[in-house]
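This structure is a prediction, so every number in the text was calculated from the model and none was measured.
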Amino acid sequence: MNWENIDTEKWIGLATEYGLKIIGAIIIWIIGSWVIKKLLNGTKRIMTKAEYDESLQKFLLNLLGWILKILLILAILAKLGVETTSFAAILAAAGLAIGLALQGSLGNFAGGVLIMIFKPFKIGDLIEAQGEVGVVKEIEIFTTKLTGLSNREIIIPNGSLSNGNIINYTTEGTRRVDLVFGVGYDSDIKKTKEVLMNVLTAHPKVLKEPAPTVNVSELADSSINFAVRPWSTAGDYWDVYFGITEDVKEALDKAGIEIPYPHQVEIQKKG
């Protein structure tokens, strides 16, 4: 290589020019990230002071964060000498293709907006949707996160969530626990109802209002079935469900009331 033919001044000038641009871009990134963090924290404090709903707070902060980061990236590109007008034109030209490719994501974004507007649930609510049951942990731009009953993290796209059926177990504050217990046909109905009602009234997490009920629901093939309907808070549902089931078995045994085994008729053909 002939070093004499190399224009060192030109290369030094280019290195200086672009080196300064790169350093400037890094400084913009550092300062911009700091400013974005401060803006988001300040916005969060304002919304908290104004008593905005927690779900709405997180959604708006998430959205604002994305917008500010995009503006920061455009500022960095401008510092590096990239024509942001032409860059925006390229993005606009690619917008249709990107939009077609991301139809699901755009639908999820629209679903998130609808959830924020109509508020079928909020953070902390116990809901059932898309075949899943869990407590709402976070509502993001594209997805909603639930904590399942077995402590699993469940992520549901907002598009599917907003277009499907949603059961909110927390809105009313209470839940009815539907249980069915069968006893033998030789059992005294009044005595059985008394035993079952005593179990309900003795349980510490069964609500007094609405009052629990015990009724004969069916004369089945091998048992008299009783519909047992205690009420509980949404958070105590499973404690009441499992606790009453266990207590009923013990109470019926103690009272000498038979719980029949399932009967199966077997027909054998000779010859």
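Within a 6.0 Å radius of CG in N151, other residues, nucleotides and ligands contribute 12 heavy atoms or fewer. Within 6.0 Å of atom OH in Y241, 12 or fewer heavy atoms from other residues, nucleotides or ligands are found, so the atom counts as exposed in its surroundings.
In this structure, D188 and T192 approach most closely via the heavy-atom pair O-OG1, 2.8 Å. Contact detail for P230 and P212: the closest heavy-atom pair is CA-CB, 3.9 Å. Heavy-atom minimum distance, I141 versus W66: CD1-CD1, 3.3 Å.
Contact check for D253 versus K249: side-chain heavy atoms found under the 4.5 Å cut-off. The shortest distance between side-chain heavy atoms of R152 and T147 does not fall below 4.5 Å. A heavy-atom distance below 4.5 Å is found between the side chains of I117 and V113. Put simply, the side chain of F226 reaches to within 4.5 Å of the side chain of V216, judged on heavy atoms. The shortest distance between side-chain heavy atoms of T170 and F121 does not fall below 4.5 Å. Residues E250 and E246 meet the side-chain proximity criterion, which asks for heavy atoms closer than 4.5 Å. Between R175 and L126 there is a side-chain heavy-atom pair separated by less than 4.5 Å. Taking 4.5 Å as the limit, some side-chain heavy atom of S33 sits within range of a side-chain heavy atom of L72.
Residue I155 holds its CD1 atom at 8.5 Å from NZ of K137, rounded to the nearest 0.5 Å. Taking CG of N158 as the start and CZ of F142 as the end, the distance is 9.5 Å to the nearest 0.5 Å. In this structure, the separation between CG on L161 and CD1 on I127 is 5.5 Å, given to the nearest 0.5 Å. Remark: I224 CD1 to I189 CD1 distance equals 4.5 Å, nearest 0.5 Å. In this structure, T144 OG1 and I115 CD1 are separated by 4.5 Å, a value rounded to the nearest 0.5 Å. To the nearest 0.5 Å, atom NE2 of residue H203 and atom CD1 of residue I244 are 5.0 Å apart.
Of the possible polar contacts, none joining the N215 side chain to the S217 backbone as a donor-acceptor pair under 3.5 Å is found. Q130 places no side-chain N or O within 3.5 Å of a backbone atom of I156 that could act as its donor or acceptor partner. With N225 contributing its side chain and A220 its backbone, the two residues share no donor-acceptor pair below 3.5 Å. Judged by distance alone, the side chain of D125 and the main-chain N or O of T171 form no donor-acceptor pair under 3.5 Å. Between the side chain of K191 and the main chain of A255, a donor-acceptor pair closer than 3.5 Å is present.
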